[in-house]
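This report refers to the structure that appears directly beneath it.
Just so it is clear, the values below take in all heavy atoms, side chains as well, and ignore hydrogens, waters and symmetry mates.
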Amino acid sequence: MEQLDTLDRQIMAALVRNGRAPWRLIAEVLGQQERTVARRGNKLLESGTIRINAFINPAAVSSRTSFLLRVQAAPRELRQMCSWLADQDESSWVSALSGSNEAVAGMFLAPHALADLLYHRLGKVDGIQSFTMMPLFEYFRTPSGWTPDVLTKQQYAALHSDEDGRLAGKATDRAPLDETSRMLAMLLHGNGRATLDELASELSVSKATVSRRLDAMTGSGTLFIRAVADLRALGYPVESLITITCANGSTRRLGKYLADLPVTRWAAASGDQLVAQVAVAALEDLGLLLADLQKRDGVASARSSIYAEIFKRSTLRYHNGIPEGPTA
């Protein structure tokens with residue numbers, strides 16, 4: 001992995017916050033010349049160190065909602081289990097955990113589809129030992145809201161307002177997309193930084209139409225723009241799933257606290273449980289985080305499991321730790 005300097009990491013952090021931010025805006029926020037930022041940024045994108053992806057939020061256009069699936073598998077079958085989960089259309093991200101022989105996945109499913117997935121399709125995969133499926137009722141942080149200690153809070157705010165976490169797991173109007181909006185989402189899935197001119201040309205519509213639709217889709221939570229980054233290059237090689245059991249009705253208060261931490265990439269609640277993915281620079285930092293959480297009023301227990309391997313992130317499939325390249 002190529003060593004990145006401070007400016008490279010700042011550009012990566014800016015793209016995490018706003019994957020479609022113009023180089024001019026990023027340069028202004030960082031106090032750099034636009035041509036320098038554009039050259040460095042394009043190099044990061046071309047190398048695959050960071051990718052800008054877009055995908056439709058199933059909860060906004062269908063009856064599907066967000067679930068967290070955890071699957072225990074025989075150790076020798078764990079990678080196969082993770083690969084199978086990553087190949088399913090319903091999964092948005094999949095990882096293998098190191099704390100046990102466990103696969104964990106974010107899934108979008110309609111309640112009536114649970115039985116088919118769990119007992120018919122998943123049940124036929126070799127090596128499965130057990131599973132748990134929990135609905136994620138409320139998000140407190142989504143990945144584009146992550147604020148690692150690379151930029152200041154003021155810089156993050158200047159790049160883009162914080163994404164409303166409530167849009168991530170809940171259905172809005174469930175209005176189906178028309179053909180133009182579906183095609184727009186498909187083009188952005190292939191190249192999340194495609195310009196308005198490029199998109200308008202591909203869709204044979206005006207630039208104003210593209211701009212208006214894109215603003216409406218992202219503003220309503222129908223379309224998510226995500227930076228898929230090599231977190232090691234950003235300086236945060238340790239990723240972990242945190243599970244907190246809350247007491248005394250403290251789930252929302254603790255969820256908001258967790259969401260405000262710079263290490264938290266996403267956080268969500270299911271009943272009296274909070275789950276979150278965090279990214280830290282070293283194991284010592286993870287230990288300090290757990291110690292802090294365990295002292296918090298309302299925390300009955302807090303445990304973590306480090307991500308051993310990524311199989312899918314923001315709907316982008318990984319193979320042997322490497323994300324797939326853009327489709328033609």
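For the pair W23 and R193, the tightest heavy-atom approach, listed with the atom from each and the gap, is CE2-NH2, 3.5 Å. The minimum heavy-atom distance between H112 and S63, with the atom names listed, is CE1-OG, 4.3 Å. For the residue pair T195 and E198, the shortest heavy atom distance occurs at N-OE1, 2.9 Å. Closest of all the heavy-atom pairs between W93 and S314 is CB-N, 4.2 Å. Across all non-hydrogen atoms, the minimal contact from L184 to L214 is CD2-N, 4.1 Å. Closest of all the heavy-atom pairs between S250 and G298 is OG-O, 3.1 Å.
D149 is linked by a salt bridge (charged side-chain N to carboxylate O under 4.0 Å, His left out) to nothing, counting only residues two or more places apart in sequence or in another chain. Partners of E202 according to the salt bridge (charged side-chain N to carboxylate O under 4.0 Å, His left out) rule, which considers only residues two or more places apart in sequence or in another chain, do not exist here. The side-chain contact (heavy atoms from CB on, under 4.5 Å) check on A282 picks up E284, D285, with sequence neighbours excluded. Partners of H120 under the side-chain contact (heavy atoms from CB on, under 4.5 Å) rule, at least two apart in sequence or in another chain, are D116. For D5, the side-chain contact (heavy atoms from CB on, under 4.5 Å) criterion is met by L7, D8, R40, not counting sequence neighbours. In this view, D89 satisfies the salt bridge (charged side-chain N to carboxylate O under 4.0 Å, His left out) rule with no residue, not counting sequence neighbours. Under the rule for a salt bridge (charged side-chain N to carboxylate O under 4.0 Å, His left out), the partners of E179 that lie at least two apart in sequence or sit in another chain are R182. With sequence neighbours left out, F55 forms a ring pair (Phe, Tyr, Trp, His ring centres under 6.0 Å) with F224.
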Would you tabulate the side-chain donor-acceptor contacts of residues 125-132 under 3.5 Å, counting partners in other chains and residues two or more places apart, or write 'none'?
| residue | atom | partner | partner atom | Å |
| --- | --- | --- | --- | --- |
| Q129 | OE1 | N101 | ND2 | 3.3 |

Taking distance alone, no hydrogens or angles, what donor-acceptor pairs closer than 3.5 Å link side-chain atoms of residues 240-249 to residues at least two apart or in another chain?
| residue | atom | partner | partner atom | Å |
| --- | --- | --- | --- | --- |
| S240 | OG | S305 | N | 3.4 |
| S240 | OG | S305 | O | 3.2 |
| T243 | OG1 | R70 | NH1 | 3.1 |
| T245 | OG1 | S301 | OG | 3.4 |

Table please: side-chain donor-acceptor pairs of residues 263-274 below 3.5 Å, with sequence neighbours left out.
| residue | atom | partner | partner atom | Å |
| --- | --- | --- | --- | --- |
| T264 | OG1 | L258 | O | 2.7 |
| R265 | NH1 | Q277 | OE1 | 2.8 |
| S270 | OG | P135 | O | 2.6 |

Counting only pairs under 3.5 Å, give me each side-chain donor-acceptor contact of residues 10-20, with atom names and distances, residues two or more places apart or in other chains.
| residue | atom | partner | partner atom | Å |
| --- | --- | --- | --- | --- |
| R17 | NE | Y156 | O | 3.2 |
| R17 | NE | H160 | O | 3.1 |
| R17 | NH2 | H160 | O | 3.2 |
| N18 | OD1 | R20 | N | 3.2 |
| N18 | OD1 | A21 | N | 3.2 |
| N18 | ND2 | L159 | O | 3.0 |
| R20 | NH1 | G192 | O | 2.8 |
| R20 | NH1 | A194 | O | 2.7 |
| R20 | NH2 | A194 | O | 3.0 |

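Between R213 and D178 there is a salt bridge, with a side-chain nitrogen of the basic residue lying less than 4.0 Å from a carboxylate oxygen of the acidic one. The pair E138-K256 does not count as a salt bridge, with every side-chain nitrogen at least 4.0 angstrom from each carboxylate oxygen. Under 4.0 Å is where a charged nitrogen must lie from a carboxylate oxygen, and between R296 and D292 at least one such pair does. Under a 4.0 Å N-O distance rule, the pair K312/E324 does not qualify as a salt bridge.
Hydrophobic clustering (side-chain heavy atoms under 4.5 Å, transitive across Ile, Leu, Val, Met, Phe, Trp, Tyr) groups L290 together with I306. A chain of hydrophobic side-chain contacts below 4.5 Å, direct or via other Ile, Leu, Val, Met, Phe, Trp or Tyr residues, connects L114 to M107.
The main-chain N or O of R64 is found under 3.5 Å from a side-chain atom of S62 such that the two form a donor-acceptor pair. Remark: side-chain polar atoms of S201 are not paired, donor with acceptor, to backbone N or O of D197 under 3.5 angstrom. A donor-acceptor pair is defined here as one N or O able to donate and one able to accept, closer than 3.5 Å; no such pair exists between the side chain of E102 and the backbone of V71. In this structure a side-chain-to-backbone donor-acceptor pair under 3.5 Å is present from Q155 to T152. A distance-only check finds no donor-acceptor pair linking the side chain of S211 to the backbone of K207 [under 3.5 Å].
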